[in-house]
Peer 1: 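Attaching a single structure in structure tokens format; questions to follow.
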Number of protein chains: 2
Amino acid sequence: MKNGIKEVAKKANVSTATVSRVLNSSEVVTEETKRRVLAVIDELNYMPHAIGRALVTRQTNLIGVILPDVHSEFFSELIRGIDKAARQHNYHIIVSSTHSDKREIESMLTVMQGGRVDGLIIMSPHIDTEEVIKHLSPLSRVVFVNSYLNGASFDSVTIDNYGGAYQMVEHLIEHGHKRIAILKGEERNYDAQERFRGYLDAVKDNGLDRIKNFELLGDFTEESGYDAMIGVLRMKSKPTAIFCSNDSMALGALRAMHEKDIIVPGEIALAGFDDVPSARYVLPSLTSVHVPIFEMGKEAVEHLFVSLEGKNGGEGKKMMLPTLVIKRESCGCTPVAT
Amino acid sequence: MKNGIKEVAKKANVSTATVSRVLNSSEVVTEETKRRVLAVIDELNYMPHAIGRALVTRQTNLIGVILPDVHSEFFSELIRGIDKAARQHNYHIIVSSTHSDKREIESMLTVMQGGRVDGLIIMSPHIDTEEVIKHLSPLSRVVFVNSYLNGASFDSVTIDNYGGAYQMVEHLIEHGHKRIAILKGEERNYDAQERFRGYLDAVKDNGLDRIKNFELLGDFTEESGYDAMIGVLRMKSKPTAIFCSNDSMALGALRAMHEKDIIVPGEIALAGFDDVPSARYVLPSLTSVHVPIFEMGKEAVEHLFVSLEGKNGGEGKKMMLPTLVIKRESCGCTPVAT
DNA sequence: CTGAAAGCGCTAACAA
DNA sequence: TTGTTAGCGCTTTCAG
């Protein structure tokens, strides 16, 4: 037994147009007919067919989200931020967690086109985004999130990776450290680049020497942090503080130091980036840079809706969300609990 | 300048029907015309309008995913598993991370209906799922994931919470522990219940006394683990081992023990559940139960597609994925690295 | 093998 | 205030 707008119309003795008007709460319908229609809708348990509607209104109430392979905390927070804001506008989200692979992103882009979504939120932290951008010229309803845009004229929301790193390194310097190492992330990763840039400038601006030996390469995993730290501990002249470009690497580094009986922060101080939930529960608790991921997702959606409502021409409004240094035990601010 | 199937048809000197045939790789089209049409499609950069197509085929190639507020690791792994499998079938996913709130889930259900999605994957680990179930009678294309179904006739995929807990507790017993405490999760959470049940049975089956004092209540957060552990450490006669219902609580408990100078596992052994990435990097590394979340997502999708292809009547096929005890330092298996 | 035409379920002019 | 009608972009009989 079918159950469309026609059935409702017939049973309520009105035309489908009127049912439609009731559905879209048009003001012109009589209270009387409206009540009658609503009664039938309720009785038949009718629910408008989203696809039929979308075809004519040219609006799907769906926004697409294309993400690379980010760490779980980032992923879930971002999705939740996006979803929450989207729901507030009565939208749903289609997510695709593609790999960072350029070709995959491109294929997602085309697939998501074709009227499937009203807008797109893309995160593409790998440096080869430029290629991708070309492929989405026709669809101006896009907001980039934490991506390398290289001046391209798209709306974007990012977090202040540079500033967070800068402040954190400066904080380490305030503790008296002069030999500060950094555990970098992958070269082609935008976050990693920015955080490294912040480190570099903080070191320079504070008159410290840049020590190339102290610029270690990692890949944002615990394992790479562990491995890099083992290397550091073999150096004849060690750093007195380590700034890790993310918390995962910091955890790995911490483990390595524990195993080698290095006292943190006594012998070597440590700081991370991201402020993951477990940061405050390891020992010593991890000083880190808090990153407003949820808010970034939320803001991305709000930007998108400005475009969707045509208030702007999508002429590339940029927004940068502040990061915040969270001082705990591993940098030496708080005595280590015991 | 528009760019629909009509434009392609005109430019290729065929009817829209033929273009459609080419698009759907119908066998009947001549090689010659097919090439001509494809050329025009390419030239015009044409991409079929998904909504128009969905309206007639009654198929959206979208599956809805409704999740509660789970921890980030679980969330991202599950989504990735689902997304990966869905992509393989050329589907996309609409995700909604509602609260565990019953009413919210219901509203999501109705919203996702209406032709928007071809099927639904729902996770509803709170015990009041039964109510929810009633509201989705018309839509048989549903697979539940890690949910409390109470015998309801839906397809479902779960992980072996019970078995994992049972084996872990038994492992602790093998280490000689006779006084094993458990940090439970929320009462109404299905995972928490099953893990508790596993604990209880393992204790009983091995002839140990059930000590009600040792059954502590938490809520799966680090904080609750910390707080509960502080309580434990105040007991006059303490347990010699703690089984935490998840790793977050185990991390909190570990921190509490460190602060109070309790040696783990020397004085008190510790085990968690979930095997989050950082489990192997804390000190001592955390013995935990590995949970195949990605696979669960993947399996859920495969089950769904069996239903979608009408091979079964959705008569409630259940699948349970095995969990695996990962032995590390915190239970006493491996000497603590140092 | 190809084309004409009839919709899929809904909304939006335009009339009445 | 309500109904009639013409599509939205595509697929799919049914003829040819």
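Every chain is numbered from 1, with letters handed out A, B, ... down the list of sequences.
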Peer 1: A/T18 near the nucleic acid: base, sugar-phosphate alone, or nothing, with a heavy-atom cut-off under 4.0 Å?
Peer 2: sugar-phosphate
Peer 1: side-chain hydrogen bond (donor to acceptor under 3.5 Å, both in side chains) between B/N161 and B/Y190: does it pass, once the steps are laid out?
Peer 2: CA-CA 9 Å; B/N161 283 306; B/Y190 177 61; over 6 Å; no
Peer 1: Working to the nearest 0.5 Å, report the span between CG of A/N146 and CG of A/L78.
Peer 2: 8.5 Å
Peer 1: Measuring from the side chain of A/V14 (C-beta onward, heavy atoms only), which nucleotide among C/dA4, C/dC10, D/dG3 has the closest atom?
Peer 2: D/dG3
Peer 1: Tell me every residue that passes side-chain contact (heavy atoms from CB on, under 4.5 Å) with B/E32, counting only those two or more places apart in sequence or in another chain.
Peer 2: B/T30, B/R35, B/R36
Peer 1: Measure from the side-chain heavy atoms of B/K6 and tell me the nearest of D/dC10, C/dA12, D/dC8.
Peer 2: D/dC8
Peer 1: For the pair made of NZ in B/K10 and C1' in C/dT2, what is the distance, rounded to whole Å?
Peer 2: 19 Å
Peer 1: Check this one for me: any side-chain N or O of B/T33 less than 4.0 Å away from OP1 or OP2 of C/dT2?
Peer 2: yes
Peer 1: Parallel under 30°, tilted from 30 to 60°, perpendicular over 60°: which one fits the rings of A/H89 and A/F305?
Peer 2: parallel
Peer 1: Looking at every strand, decide which applies to A/V19 at a 4.0 Å heavy-atom threshold: base, sugar-phosphate, or nothing.
Peer 2: nothing
Peer 1: Could you grab the distance from atom CD1 of B/I293 to atom CD1 of B/I79, nearest 0.5 Å is fine?
Peer 2: 11.5 Å
Peer 1: Do A/R188's NZ or CZ and the ring of A/Y148 fall within the cation-pi criteria of under 6.0 Å and 45°?
Peer 2: no
Peer 1: Specify the separation, in whole Å, of atom CD1 of B/I51 and atom C1' of D/dC10.
Peer 2: 11 Å
Peer 1: Is there a donor and acceptor pair closer than 3.5 Å between the side chain of A/R21 and the base of D/dG3?
Peer 2: yes
Peer 1: Indicate, with a heavy-atom threshold strictly under 4.0 Å, whether B/V28 touches base, sugar-phosphate, or nothing.
Peer 2: base
Peer 1: Describe, as an angle rounded to 10 degrees, how the axis at the first end of the helix from C/dC1-D/dG16 to C/dA16-D/dT1 is tilted relative to the axis at the last end, five pairs per end.
Peer 2: 40°
Peer 1: May I ask you to evaluate whether B/R53 reaches the phosphate of D/dT11, defined as a side-chain N or O under 4.0 Å from OP1 or OP2?
Peer 2: yes
Peer 1: Would you mind telling me which residue lines up with the more 5' stretch of DNA chain C, B/T30 or B/L55, judged by nearest nucleotide?
Peer 2: B/T30
Peer 1: How close or far is atom P of D/dC8 from atom NE2 of B/H49, stated in whole angstroms?
Peer 2: 11 Å
Peer 1: Going through the distances and angles, do B/R80 and A/D69 end up as a salt bridge (charged side-chain N to carboxylate O under 4.0 Å, His left out)?
Peer 2: CA-CA 9 Å; B/R80 288 205 170 103; A/D69 217 346; 3.1 Å; yes
Peer 1: Under 4.0 Å from OP1 or OP2 of D/dG9: is there any side-chain N or O of B/Y46 that close?
Peer 2: no
Peer 1: So which nucleotide from C/dA5, D/dG3, C/dT11 ends up closest to the side chain of A/V56?
Peer 2: C/dT11
Peer 1: The side chain of B/R58 is closest to which nucleotide in this list: D/dC8, C/dG9, C/dT11?
Peer 2: C/dG9
